[in-house]
Colleague: 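If you scroll down you'll find the structure; I have some questions about it.
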Amino acid sequence: MIPASFDYTAPTTLADALAALAQGGDDAKILAGGQSLLPVLKLRMAAPGLLIDLGKIDELRGVRREGDTIVVGAMTTHHDVIADPLVREHLSLLAKTTEQVADAQVRYRGTLGGALAHADPAGDLGAVTVALDAQMRIAGPNGTRSVPAAQFFTDYFTTALAENEILTGIAFDSFAGWGAHYEKFHTVSQAWSTVAVAAAVLVAGGTVTAARVALTNMGPTPIRARAVEAALVDGPASDDAVRAAAQAATEGTAPVDDATAPAAYRSHLARVLTGRAVLAAAG
Amino acid sequence: MAKITVAVDGTTYQDEVEPRMLLVQYLREKVGKTGTLIGCDTSNCGACTVLLDGASVKSCSVLAVQADGHEVTTIEGLAGINGELHPVQQAFHDKHALQCGYCTPGMIMRSVCLLNENPHPTEAEIREGLNGNLCRCTGYQNIVAAVQQAADALATAGGAR
């Protein structure tokens, strides 16, 4: 399978990429790691006239600290996210989830920013950003802005990014010391999630003192399970209490019926996987 | 058309390619490295796996223009100058880690990368590390055994090549 013809440019600065995007208009598409976009182009589900490859822009790569904030450059590959010492110390949930994305080859090419901008509801990393209240850093022709993850994902494969904007980085608070786990259910080892749950908890003396839980593929966007969080906090980190709190996982969700799973089964999965994810995170 | 300079198996090539040309097409049709196979063509099966600057990638999901200025190693670049097999190739031969052989080039290239990342993998780490490569014949048992043999051979030889 061969994509339809397109023009290609690989700018070396963000400013040049924004200029190319402004010039290309709605016929231009950003190429990050290409692990979602290239299959889409090969299947001719999209045929942009211009691809703007961000692969040569060094300023978009790597993880850095800005005071108490950890910023992951949008073009940092999954492989590099997993290996990064700042991520491992402060963002265990991001590291553990990224380890479960696709397979090793895809993780060498795919990027955090690319996966988030693609906004596949079955993609794993959106739930992490929603659970951890990440800020999406966005550059456009009129400067930069920051959008909370909960407002970034707006619908199936749709984000708050305007067509002349580029996602440049993802900023997280530190979650050092929190337990974290990503519980993923899929039918084939490298496949997309049927349903998955991202959980991070702080436990002191057997009591849950803080909890973040978000769901993958239980609606058009990643969904924060606030009812579960509320039920967990100030309760014991026990098997019974966590499984009881997990019953609230389907509040506010809208799972699809499709060839992989009926909606009712997805709801069942959400409750079971939430219990497992929180218990594993609580250690 | 775009001008690219790519090192493939130690030789530098300069070519003009259409931006939409996939790396696997470039390797097979322009450079003549037909040892790299196209399997599913949808980034599932891993048959087209090559090393790009040492990292295992699915060459059906990389554009040739994205390899501009980089180094590619294919299955044809693994053996020594006198044709002696790479320890991973030798192990696949010794352990009969194939039946039809279609997945083998990708399986070997991913195994080489896996053993560079983790020279002493457990059986579970080998299975997890190869989960982007599908084999429809073997049931994977002999592939895992081959990677284990290669890990031992590379350790004895003093590290991965």
Side-chain angles (χ1 to χ4, degrees), chain A residues 1-12 28-29 31-57 75 77-80 82-83 99-111 114 184 186-192, chain B residues 1-4 17-26 29 38 40-70 106-107 109-114 116-118 121 125-134 140:
Chain A
M1 295 178 292
I2 314 288
S5 283
F6 51 78
D7 292 328
Y8 171 88
T9 183
T12 54
K29 185 82 186 155
L31 173 63
Q35 300 304 285
S36 295
L37 181 60
L38 292 180
V40 164
L41 298 187
K42 288 166 67 181
L43 292 166
R44 307 261 176 140
M45 291 161 69
L50 172 66
L51 277 198
I52 302 166
D53 183 358
L54 304 185
K56 292 187 174 169
I57 305 179
M75 285 296 290
T77 63
H78 302 313
H79 179 86
D80 288 347
I82 293 165
E99 283 172 354
Q100 295 187 51
V101 170
D103 55 53
Q105 289 97 314
V106 170
R107 292 193 295 268
Y108 271 119
R109 296 294 298 170
T111 64
K184 176 169 176 171
H186 47 178
T187 50
V188 176
S189 76
Q190 89 233 71
W192 299 101
Chain B
M1 300 292 271
K3 257 193 191 149
I4 60 169
V17 298
E18 268 194 271
R20 63 174 170 166
M21 178 174 256
L22 304 169
L23 178 59
V24 70
Q25 283 178 281
Y26 175 72
E29 295 167 21
I38 298 172
C40 70
D41 206 9
T42 55
S43 84
N44 282 286
C45 79
C48 64
T49 299
V50 299
L51 305 185
L52 185 59
D53 295 337
S56 52
V57 303
K58 293 178 173 176
S59 62
C60 76
S61 297
V62 177
L63 298 171
V65 285
Q66 290 177 291
D68 179 34
H70 297 277
M107 204 60 90
M109 297 315 289
R110 173 58 201 146
S111 298
V112 168
C113 184
L114 169 63
N116 277 325
E117 295 162 2
N118 180 359
E125 286 169 343
I126 293 169
R127 290 182 184 275
E128 175 71 26
L130 295 178
N131 82 344
N133 294 74
L134 303 183
Y140 301 97

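Naming: A, B, ... by sequence-line order, numbering from 1 per chain.
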Colleague: Could you check whether atom NZ of Lys184(A) has more than 12 heavy atoms from other residues, nucleotides or ligands sitting under 6.0 Å from it?
Modeller: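 Enclosed.
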
Colleague: Between Ala10(A), Ser189(A), Pro39(A), who has the most heavy-atom pairs with chain B when the cutoff is under 4.5 Å?
Modeller: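 Heavy-atom pairs under 4.5 Å are most numerous for Ser189(A).
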
Colleague: How would you list, by chain and number, every residue that makes a salt bridge (Lys or Arg N to Asp or Glu O under 4.0 Å) with Arg107(A), sequence neighbours excluded?
Modeller: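 With neighbours one apart ignored, the set is empty.
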
Colleague: Check whether Leu52(B) gets within reach of chain A through its side chain, its backbone, both or neither, counting any heavy atom under 4.5 Å.
Modeller: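 The side chain, not the backbone.
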
Colleague: Can you measure from CD (Glu128(B)) to CD (Gln100(A)) and round to the nearest 0.5 angstrom?
Modeller: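 The CD atom of Gln100(A) is 8.0 Å from CD of Glu128(B), to the nearest 0.5 Å.
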
Colleague: Where does Ala4(A) contact chain B at under 4.5 Å (heavy atoms): side chain, backbone, both or neither?
Modeller: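 Only the backbone of Ala4(A) comes within 4.5 Å of chain B.
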
Colleague: Indicate yes or no: does Asp103(A) engage Arg110(B) in a salt bridge with an N to O separation below 4.0 Å.
Modeller: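 Looking at Arg110(B) together with Asp103(A), the answer is no, because their closest N to O distance does not fall below 4.0 Å.
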
Colleague: Indicate yes or no: at least one non-hydrogen side-chain atom of Leu38(A) is less than 4.5 angstrom from one of Lys58(B).
Modeller: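 When only atoms from C-beta onward are counted, Lys58(B) and Leu38(A) do not touch, as no gap falls below 4.5 Å.
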
Colleague: For chain B, which candidate among Leu41(A), Asp7(A), Leu31(A) shows the most heavy-atom pairs at distances under 4.5 Å?
Modeller: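 Result: the option with the highest number of such pairs is Leu31(A).
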
Colleague: Only pairs of heavy atoms separated by less than 4.5 Å count here; which of Val65(B), Thr42(B), Leu134(B), Asp68(B) has the most with chain A?
Modeller: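 Most heavy-atom pairs within the cutoff with chain A belong to Val65(B).
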
Colleague: Please look at Phe6(A) and chain B and tell me whether the side chain, the backbone, both or neither of the residue comes under 4.5 angstrom of a heavy atom of that chain.
Modeller: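 Both parts, backbone and side chain.
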
Colleague: Sort out for me which of Gly129(B), Ser61(B), Gly69(B) touches chain A most, counting heavy-atom pairs under 4.5 Å.
Modeller: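 Most heavy-atom pairs under 4.5 Å with chain A: Ser61(B).
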
Colleague: Measure distances from Ala55(B) to the heavy atoms of chain A and classify the residue's part below 4.5 Å as side chain, backbone, both or neither.
Modeller: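 It is both, since atoms from each part get that close.
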
Colleague: Tabulate below the donor-acceptor pairs under 3.5 Å that side-chain atoms of residues 42-51 of chain A make, not counting sequence neighbours, or state none.
Modeller:
residue: Lys42(A); atom: NZ; partner: Asp41(B); partner atom: O; Å: 2.9
residue: Lys42(A); atom: NZ; partner: Asp41(B); partner atom: OD1; Å: 2.8
residue: Lys42(A); atom: NZ; partner: Cys60(B); partner atom: O; Å: 2.8
residue: Arg44(A); atom: NE; partner: Ile2(A); partner atom: O; Å: 2.9
residue: Arg44(A); atom: NH2; partner: Ile2(A); partner atom: O; Å: 2.8
residue: Arg44(A); atom: NH2; partner: Pro3(A); partner atom: O; Å: 3.4

Colleague: For the residue pair Ser5(A) and Glu18(B), what are the closest heavy atoms and their distance?
Modeller: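 Reported closest heavy-atom pair: OG-OE2, 3.5 Å.
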
Colleague: Could you look at Ile38(B) and say if it's the side chain, the backbone, both or neither that has a heavy atom under 4.5 Å from chain A?
Modeller: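 Interface part for Ile38(B): neither.
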
Colleague: Rounded to the nearest 0.5 Å, how far does OH of Tyr8(A) lie from CD of Gln66(B)?
Modeller: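 The CD atom of Gln66(B) sits 5.5 Å away from the OH atom of Tyr8(A).
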
Colleague: Among Arg109(A), His79(A), Gln105(A), exactly one meets side-chain contact (heavy atoms from CB on, under 4.5 Å) together with Ser56(B). Which residue is that?
Modeller: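 Per the side-chain contact (heavy atoms from CB on, under 4.5 Å) rule, the option paired with Ser56(B) is Gln105(A), out of Arg109(A), His79(A), Gln105(A).
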
Colleague: How long is the span from the OH atom in Tyr108(A) to the CG atom in Leu51(B), to the nearest 0.5 Å?
Modeller: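 Atom-to-atom, Tyr108(A):OH and Leu51(B):CG are 9.0 Å apart.
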
